[in-house]
Amino acid sequence: MGRAYSTIAFDPAKCDGCGDCMTACAQAKTGTDDIARSRIQIYGREGAPDKTFELALCRQCADPKCVTVCPAGALNKDSTSGVIGWDASKCVDCLLCTVGCAYAGIALDETAGHVSKCDTCDGNPACVPACPHGALKYVTTANIYNEVGDWEDLFAPGLAGCQGCNTELLMRHTLRRVGPDTVLATPPGCVPGMGSVGFNGTTGTKVPVFHPLLTNTAAMLAGIKRQYKRVGRDVQALAIAGDGGASDVGFQSLSGAAERGEQMLFMVVDNEGYMNTGMQRSSCTPYGAWTSTTPVGETSRGKTQDAKNLPLIMVNHRCAYVATASTAYMEDLYEKLDKAIAASKTGFAYLHVYSPCTTGWRFPSNLNMEVARKAVETNFVMLWEYTPQDGLHFTKPVDDPLPVTDYLKAMGRFRHLSPEQVEHIQKKVVENQKFVERMTEHAHVG
């Protein structure tokens, strides 16, 4: 089990350059109000259209260049706290560390005559509470890489996917979590397109994998699981399907397996359409969205129906475990994967993962995670989990959601929306939120 490190995060949009953080640091570390001696420095960005600010501060890097270039071994990253410490007894004042750091996180303190850097005040940084605008936060970094970094990657290198697609990230992390004793079902869609064949012409998946039809994924996987049980072998039965193969033509098979309580984990990668074959609409495509089969023109303005809420339908099957997740919140996803895997040992587990599609949703590839976050921050997507014993509850509640326009404007597929359509979507978001909240109030629905 790896350790979770912490660092100071900076939001330049909230900073007004007041300097209170620098004063607090100087007082805590030098006993003076001389901000030149502060280990955190705020600088105004030259030539910016609006007055913006940048931060010079030690990031406590995972691969610190200051440590690498120090010839005296005076800098070292602590394996417990993650903080890069400076040893005065070893330092020869060569200042090479200041050249190696790309963030100006370590600099010469001329008054003291040696370098100085942030040490997070032993986990209680003085600068964070001093900021009157919330531009600084002390956050715990994700420990996912520390946990799985040494695990075998069960997908081969060289998978083919659209630039910026996070489905490969989802597949790799899911297989790492479930482990090698797995049989994987991947019906037609983006997932088999990436994982079935690598660039070297061999299978890209290091566990047994088969490609059922869109219509029978859960049924075939249930039969394979039962045969393994018959011969006395315990394997993880896992399906990774798209929203089309689950909510549309594959729903009868999915519903039947859930109703029977088949022992499997069925994961849906919801990119809200048939993206692998030309970006056609599915029943999970949201209202108003452009797709190739819900075009935008003089008489048509995108999809005219609201999206099917497949996760809530699965709750009404009284599955052993049902949850929604997002690739923007990987630690939440990992916790739900653990619970889903455990539940699949005795019953049917269903995990619905919202996964933005850079191509079909029409946004730049580098904004994938930002789009995924905005979906949650606006309550367009809600993250929750359900068991028959404990009912339904939120895992990432958003009490003060952003307006849905903050999400819609990030994508080209909604660029055509009229004010009336936007109003419809906002009302539907509020309606869905209230509906799920009512379900949380009646915790035991099984």
Side-chain angles (χ1 to χ4, degrees), residues 4 6-15 52 55 59 133-145 161-174 243 267-273 275 284-286 288-289 307 309 311 323-337 351-385 394-415 417 422 425-426 428-430 432-433 436:
S6 298
T7 190
I8 298 170
F10 174 62
D11 185 349
K14 295 181 179 179
C15 179
T52 56
L55 176 72
R59 277 20 178 211
H133 309 296
L136 297 173
K137 288 184 179 180
Y138 188 57
V139 296
T140 300
T141 58
N143 60 2
I144 291 174
Y145 181 80
C162 298
Q163 183 177 3
C165 178
N166 56 18
T167 300
E168 181 177 341
L169 173 148
L170 178 62
M171 291 191 300
R172 290 188 184 280
H173 278 270
T174 298
D243 53 286
M267 174 184 287
V268 172
V269 182
D270 185 2
N271 55 23
E272 299 178 351
M275 299 306 179
C284 288
T285 302
N309 198 322
T324 61
S326 169
T327 49
Y329 298 89
M330 289 298 292
E331 289 188 325
D332 179 70
L333 172 60
Y334 260 59
E335 291 176 5
K336 289 170 177 174
L337 264 175
L351 188 55
H352 195 101
V353 185
Y354 294 93
S355 179
C357 174
T358 59
T359 305
W361 295 16
R362 295 180 166 181
F363 63 84
S365 59
N366 63 331
L367 296 181
N368 199 304
M369 292 303 171
E370 179 64 20
V371 170
R373 277 192 292 269
K374 281 292 188 291
V376 175
E377 292 170 347
T378 58
N379 272 336
F380 193 91
V381 166
M382 290 173 285
L383 303 183
W384 49 263
E385 63 182 359
F394 290 105
T395 58
K396 290 284 184 182
V398 180
D399 299 325
D400 187 21
L402 298 173
V404 73
T405 50
D406 283 14
Y407 173 62
L408 300 177
K409 68 184 180 182
M411 294 161 284
R413 64 173 178 160
F414 292 119
R415 189 176 297 127
L417 293 181
V422 173
I425 295 172
Q426 183 68 74
K428 183 59 63 172
V429 167
V430 174
N432 289 340
Q433 179 186 354
V436 176

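Count residues from 1 along the sequence.
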Undergrad: So V376 and Y354, do their side chains get closer than 4.5 Å, heavy atoms only?
TA: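 A side-chain contact is absent here, since even the closest heavy-atom pair is not under 4.5 Å.
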Undergrad: So, taking the atom named CG in N379 and the one named CG in D399, what distance separates them when rounded to the nearest 0.5 Å?
TA: 9.0 Å
Undergrad: Rounded to the nearest 0.5 Å, what separation is found between the CD1 atom of I8 and the CG atom of L55?
TA: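 Taking CD1 in I8 and CG in L55, the distance rounds to 8.5 Å.
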Undergrad: Just do the side-chain contact (heavy atoms from CB on, under 4.5 Å) check on L383 and S326 with the steps written out, would you?
TA: CA-CA 8 Å; L383 303 183; S326 169; 4.2 Å; yes
Undergrad: Does D406 form a side-chain contact (heavy atoms from CB on, under 4.5 Å) with E377? I'd like the steps, not just the answer.
TA: CA-CA 9 Å; D406 283 14; E377 292 170 347; over 6 Å; no
Undergrad: For a side-chain contact (heavy atoms from CB on, under 4.5 Å) check, start with the C-alpha distance between M267 and V353, then their side-chain angles and the critical distance, and finish with the verdict.
TA: CA-CA 7 Å; M267 174 184 287; V353 185; 4.1 Å; yes
Undergrad: Decide yes or no for T167 and M275: does some side-chain heavy atom of the first lie under 4.5 Å from some side-chain heavy atom of the second?
TA: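 Result no, sub-4.5 Å side-chain heavy-atom pair not found.
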Undergrad: Would you confirm whether W361, through its side chain, and N368, through its main-chain N or O, come within 3.5 Å as a donor-acceptor pair?
TA: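 No, because the side chain of W361 does not come within donor-acceptor range (under 3.5 Å) of the backbone of N368.
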Undergrad: For E272, is there any backbone N or O sitting under 3.5 Å from a side-chain donor or acceptor partner on T285?
TA: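 Yes.
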Undergrad: Where is the tightest heavy-atom contact between R373 and A328, given as atom of each residue plus distance?
TA: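 Residues R373 and A328, closest heavy atoms: CG-CB, 3.6 Å.
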Undergrad: Which atom names give the shortest non-hydrogen contact between C284 and A307, and what distance separates them?
TA: O-CB, 3.5 Å
Undergrad: Go through E335 and T395 one step at a time and tell me if the side-chain contact (heavy atoms from CB on, under 4.5 Å) criterion holds.
TA: CA-CA 10 Å; E335 291 176 5; T395 58; over 6 Å; no
Undergrad: Kindly indicate whether the side chain of T378, heavy atoms from C-beta on, has any atom under 4.5 Å from the side chain of V429.
TA: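 No, every pair of side-chain atoms sits at 4.5 Å or beyond.
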Undergrad: Any chance you could measure F380, atom CZ, to Q426, atom CD, to the nearest 0.5 Å?
TA: 10.5 Å
Undergrad: Would you name the heavy atoms of M382 and Q433 that are closest together and state the gap between them?
TA: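 Looking at all heavy atoms of both residues, the shortest contact is SD-CA, 3.6 Å.
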Undergrad: When rounded to the nearest 0.5 angstrom, what distance separates OH in Y138 from OG1 in T7?
TA: 8.0 Å
Undergrad: What distance do T327 atom OG1 and L333 atom CG have between them, rounded to the nearest 0.5 Å?
TA: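 So the gap between those two atoms works out to 8.0 Å.
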Undergrad: Can you tell me if T324 uses its side chain to pair, donor with acceptor, with the backbone of H352 under 3.5 Å?
TA: no
Undergrad: Ignoring hydrogens, what is the shortest heavy-atom contact between C357 and N271? Give both atom names and the distance.
TA: CB-CB, 3.9 Å
Undergrad: So, S355 versus N166: side-chain donor-acceptor pair below 3.5 Å or not?
TA: yes
Undergrad: On the 0 to 90° scale, with breaks at 30° and 60°, tag the F414-Y407 ring pair as parallel, tilted or perpendicular.
TA: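 Taking Y407 first and then F414, their aromatic rings sit tilted (interplane angle of 30° to 60°).
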Undergrad: Calculate, to the nearest 0.5 Å, the distance between atoms NZ and CG belonging to K336 and L351 respectively.
TA: 7.5 Å
Undergrad: Considering non-hydrogen atoms only, spot the tightest contact between A410 and F363 and give its length.
TA: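 Heavy-atom minimum between the residues: O-CB, 3.4 Å.
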